[in-house]
Enquirer: 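Attaching a single structure in structure tokens format; questions to follow.
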Amino acid sequence: MDLHLRKQHLELDRPLVMGIVNVTPDSFFDGGQYYDPQRAVAHALRLVAEGADLLDIGAESTRPGALPVDEHEERRRLLPVVTAVARAVSVPISVDTSKAEVARAALDAGAVMVNDVTALRGDRAMVDVVAEAGAGLVVMHMQGIPETMQQAPHYDEVVRNIARFLEERSRFAMDHGVERDRIVLDPGIGFGKTLTHNLDLLANLHAFMELGFPLLVGPSRKGFVGQLTHQSVDARAWGTAAVIALAVQQGARILRVHDVGPMRDVVSVADAVARRMRTTAREQHA
């Protein structure tokens, strides 16, 4: 299974590591560290040097409680970084935005994929921008909006509800011209979910794999890891590593992380073990 992103394509015969570049003053982990464009570009280059297979660059925080940023400000933050990074690296660049015109400008600047946390619901024009550009698309589940999403989230059956949502949104994208081999699904760990919801999703990733699209999982340093480990955001790398390994074992193809170097090692080892597990299972049933 390959992922086609405009004129680029990614082979998904192994799990890929997506490095996070936040050009924001208020992201939950590194907000403000890379707000300066030069520092953001340097960080992106460092992530590629550490082994990132692709980058996800965003200029609007979607952490719990975050307030929206207007289109002009998001463009001001984002475009100089996307432009400079696209000139300096060969790995694909995803832009983390839910605004169609921001996405259009970022695609013109060199991005090849749109990571939309609203799953095309935030801006009616987004699906046309993605389809016309032939860009890749991450369809993510989020209950509510970042400002309020962690205020008593509720589901009847969280895995089934989110699988149905992702199925419907991917069908919507394809019905509006986005080709199937450009779509990635993301169950939205931490986006309008309690600890139990997150654990249920992570324990049942196969339900999303069955939809027939590559799966992206983004647990990096999130609040549920802190709830389980009682660690601050700065000390959640080990907990994140455990989630990454289990996601790889279940077939996740893209792992979105802050700490590319160490998490690439986790992905490599987990993938080798998972491959051996599958081989052993086939041999036992032969």
Side-chain angles (χ1 to χ4, degrees), residues 5 18 20-24 26-28 56-75 77-78 82 93-107 111-133 135-155 158 161-178 182-193 197-198 201 208 211 213-220 222-223 254 256:
L5 314 170
M18 172 185 270
I20 300 169
V21 181
N22 288 320
V23 192
T24 60
D26 58 342
S27 292
F28 78 93
D56 192 38
I57 305 176
E60 178 179 29
S61 176
T62 52
R63 63 172 174 78
L67 298 174
V69 173
D70 66 52
E71 179 181 315
H72 175 78
E73 175 63 11
E74 188 175 355
R75 288 168 60 107
R77 298 175 184 178
L78 183 69
V82 172
I93 296 171
S94 166
V95 58
D96 186 349
T97 185
S98 58
K99 299 182 184 69
E101 289 309 310
V102 174
R104 189 191 306 275
L107 292 167
V112 296
M113 187 177 201
V114 176
N115 183 4
D116 184 357
V117 299
T118 73
L120 304 175
R121 297 174 298 165
D123 188 331
R124 294 177 61 183
M126 179 67 90
V127 69
D128 293 328
V129 169
V130 173
E132 290 166 9
L137 174 67
V138 179
V139 175
M140 195 198 82
H141 176 272
M142 173 173 60
Q143 186 177 91
I145 59 174
E147 185 178 359
T148 59
M149 65 186 177
Q150 288 305 108
Q151 297 176 8
H154 173 77
Y155 302 86
V158 65
N161 291 169
I162 293 176
R164 286 176 176 171
F165 172 88
L166 294 175
E167 183 176 32
E168 185 276 324
R169 298 316 294 166
S170 58
R171 187 184 306 115
F172 173 86
M174 290 188 292
D175 287 347
H176 288 79
V178 181
R182 302 182 190 276
I183 297 173
V184 175
L185 303 184
D186 179 353
I189 302 300
F191 282 82
K193 281 92 175 174
H197 293 148
N198 288 317
L201 294 174
F208 310 110
L211 297 176
F213 298 89
L215 185 66
L216 183 154
V217 178
S220 189
K222 287 185 174 175
I254 301 177
R256 184 178 182 273

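One-based numbering along the sequence shown.
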Enquirer: Taking the side chain as every heavy atom from C-beta outward, state whether D116 and M126 have any pair of such atoms under 4.5 Å apart.
Expert: yes
Enquirer: To the nearest 0.5 Å, how far apart are CG in D128 and CG in D123?
Expert: 10.0 Å
Enquirer: Please report the closest heavy-atom contact between G136 and L5, naming both atoms and the distance.
Expert: CA-CD2, 3.5 Å
Enquirer: Mark yes or no for whether R121, through its side chain, and T118, through its backbone, hold a donor-acceptor pair below 3.5 Å.
Expert: yes
Enquirer: Quick one: which of R104, E74, E71, E60 gives a side-chain hydrogen bond (donor to acceptor under 3.5 Å, both in side chains) with T97?
Expert: E74
Enquirer: Do L120 and R169 come close enough that some side-chain heavy atom pair is under 4.5 Å?
Expert: yes
Enquirer: Centres of the F191 and H141 rings: under 6.0 Å?
Expert: no
Enquirer: Looking only at atom types and distance, does a side-chain atom of R75 sit under 3.5 Å from a main-chain N or O of V102, one as donor and one as acceptor?
Expert: no
Enquirer: I'd like to know if the side chain of N22 pairs up with that of T24 as donor and acceptor (distance under 3.5 Å, no hydrogens or angles considered).
Expert: no
Enquirer: Side chain of K193, backbone of G188: donor and acceptor closer than 3.5 Å?
Expert: yes
Enquirer: Donor-acceptor pair, N198 side chain versus G190 backbone, under 3.5 Å?
Expert: yes
Enquirer: Say you draw a straight line from CD1 of I162 to CD of E167; how long is it, rounded to the nearest 0.5 Å?
Expert: 14.0 Å
Enquirer: Considering only heavy atoms from C-beta outward, does the side chain of P214 approach that of L216 to under 4.5 Å?
Expert: no
Enquirer: Kindly indicate whether the side chain of L185, heavy atoms from C-beta on, has any atom under 4.5 Å from the side chain of S170.
Expert: yes
Enquirer: How long is the gap from CZ on F208 to CG on L215, to the nearest 0.5 Å?
Expert: 7.5 Å
Enquirer: For the pair R256 and D96, find out whether any cationic side-chain nitrogen is under 4.0 Å from an anionic carboxylate oxygen.
Expert: yes
Enquirer: Flag the pair V217 / D186 as yes when at least one side-chain heavy-atom distance between them is below 4.5 Å, and no otherwise.
Expert: no
Enquirer: Give a yes or no on whether a salt bridge exists between E73 and R77, defined as a side-chain N under 4.0 angstrom from a carboxylate O.
Expert: yes
